Amino acid sequence: MNVLVIGAGGREHAIAWKLAQSEQVKKIYAAPGNGGTAVEAKCENLPLGAGEQEALIAFARGHDIGLTVVGPEEPLALGIADRFRAAGFAVAGPGKDAARLEASKAFSKNFMNKYGVRAPASREFTGPAEALEYVREHFAAPRPSAGSGGASGEGPGSGRPPLVIKADGLAAGKGVVIAPSPEAAEGAINAFMRDRTLGGAGDKVLIEDFLGGKEVSILAAVDAGPGRAGIIRPFIAARDHKSRFEGGAGPNTGGMGAIAPAPDFTESCRDDFTAAILEPTLRGLEAEGMDYRGFIFFGLMISGGRCYLLEYNVRLGDPETQAVLPLLDSDFFELCRSIALGGESAGPAVRGPALKDFPLVWKPGAVCAPVAVAEGYPGPYRKGDPIFIDRRRLEKTGAKLFAAGAQQADGADPYMRTPGMESAGLCTAGGRVLALAALGPDAAEARSRAYAALEALSFRGMGFRRDIGLIEEPAREDPVEAGPHG
Ligand code: GLY
């Protein structure tokens, strides 16, 4: 069977790599893919972007596509899954209606409140004057007395807990600001609502209570739809490391590396997550009659031993996918098909078990997947730098290179000058350039292999964090250094 993977990042490379391991998959087309999918087994890149829905459907019609997997959120929010389904294709990706759980933070928060999903409290504002007034009142109020309870963290200087300012719409990771002071909160509100730095995405904002603690990412497979009992099957827990520099310092990024499993996501955390977040979410999907056949990402904060939901994403996480999929011991193609076909009646012979019966099996051990980034990232960065590789050294580590912002370089590389290394046939094309995912019998060995693998790669200005999987991201108690809060 032929598969279409939509997207161009490291997540999509990991998805294509895992799909290619299935004996049922004959060919994978990546639209548009990247320099990694270009050379992955069974893969071919298409000159079609995720936004070219009609052209993608026409391509699927002509190429016997039996499964389409949509990686990023934007095409889902634009209804690509509905369009493909209407054209008769099996798609792993929720419909436009359900994609609002990520595309609108206000919609998402209302859903959480309506169905009793445990989450930090927040208020919604459609005008800057009211939002600014709320900020002033918050920071002017007396400091909460010690032992007054609640899960809010404390700001280091103000005596008042920080506020989290969230733009309502999709903002490519730029729509959340943790504000420890009234000035910071006002700056964010003015930027989003008055200066419209995010366009329409910031016309509405949510102001959320800050919550300290440890972040955990749970990716899960979902099959829910009108008129049938739904199911959510969570994967092993993972942790992203969002700040640019070691120890939680520096600006936020799209993710500097991930580990799986998350070491401190205990059985009791999982039970709490199931009861307080997963089950009410499923009840909500069922009650709303949403067509949700795809993946969901629960962005959690573990605070005071309890799980709180900071955000839903309607897709797999990046770079969490690069750490989680290498641990999956089940056929990922069959998993995606079971999601995509949902509760529909059995079709052709390729129909496997429904999601509720799917044998979701995990390998023992751990994965560490640090990300190498371009110089300057997450600020302005250079593109087009050739990437060098010591293949023998990389092979010894057993690590898998997942390309993200990396494209195929043309022909022989005239800039090759790193001793002992050859051209990887790639050049940088984005801020997060690649991840190296190493599997080990335990977290320490996975980490050691991943960092040995990083030494086998080089490009001009290559940056990475040295502490992925070494220490846990510090608890989010210091808002000055904290990363994105959703
Ligand atoms: N790692 C967070 C995300 O995928 O948005």
Side-chain angles (χ1 to χ4, degrees), residues 6-15 34 50 69-77 92-94 99-105 108 164 166-167 169-178 198 201 214-222 234-244 248 251-262 265 294-302 308-326 367-373 377-378 402 404-405 430-435 437 464-465 468-469 472-473 476 482-486:
I6 294 175
R11 166 187 47 213
E12 286 75 30
H13 186 187
I15 288 171
N34 59 30
V69 183
V70 186
E73 62 276 19
E74 294 91 343
L76 292 166
R100 286 180 297 163
L101 288 171
E102 179 169 359
S104 166
K105 291 192 167 63
S108 180
V164 184
K166 294 183 166 184
L170 292 179
K174 296 188 170 67
V176 179
V177 172
I178 298 178
L198 304 174
K214 296 270 182 77
E215 291 192 55
V216 169
S217 307
I218 306 281
L219 317 181
V222 186
F235 295 175
I236 50 166
R239 170 163 294 131
D240 191 3
H241 299 65
K242 287 183 178 136
S243 63
R244 169 62 187 84
N252 301 328
T253 70
M256 292 296 298
I259 54 168
F265 194 70
F295 297 100
I296 196 165
F297 169 120
F298 297 95
L300 305 182
M301 185 66 79
I302 314 298
Y308 294 80
L309 183 65
L310 299 184
E311 63 171 346
Y312 295 113
N313 292 328
V314 296
R315 52 175 171 82
L316 292 172
D318 190 340
E320 288 91 333
T321 302
Q322 294 89 308
V324 168
L325 285 188
V367 170
C368 178
V371 170
V373 300
Y377 175 80
F402 291 122
R432 289 191 294 168
V433 175
L434 54 89
F464 57 89
R465 271 178 64 164
I468 306 301
E472 293 154 25
E473 197 83 324
R476 303 278 182 187
H485 205 258

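As the structure is a computational prediction, the values presented were derived from the model and not from experiment. First listed ligand is number 1; within each ligand, the first listed atom is number 1. Below, each value reflects all heavy atoms present in this structure, side chains not excepted, and no hydrogens, waters or symmetry copies.
Residues F402 and H13 come closest through the heavy atom pair CA-ND1, 3.4 Å.
Panel note: side chain N34, backbone G405; no donor-acceptor pair is recorded below 3.5 Å. Not a single donor-acceptor pair under 3.5 Å links the side chain of H241 to the backbone N or O of M256.
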>> Between L170 and E102, is the side-chain contact (heavy atoms from CB on, under 4.5 Å) condition met? List the steps.
In response: CA-CA 8 Å; L170 292 179; E102 179 169 359; 3.9 Å; yes
> Going through the distances and angles, do K242 and E215 end up as a salt bridge (Lys or Arg N to Asp or Glu O under 4.0 Å)?
Replying inline: CA-CA 10 Å; K242 287 183 178 136; E215 291 192 55; 3.2 Å; yes
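Residues satisfying the side chain to side chain contact (heavy atoms under 4.5 Å, CB included) criterion with P378, sequence neighbours excluded, are R244, P251, T253.
Near ligand 1, heavy-atom contacts under 4.0 Å come from D240, F297, N313, R315, G317, D318, E320.
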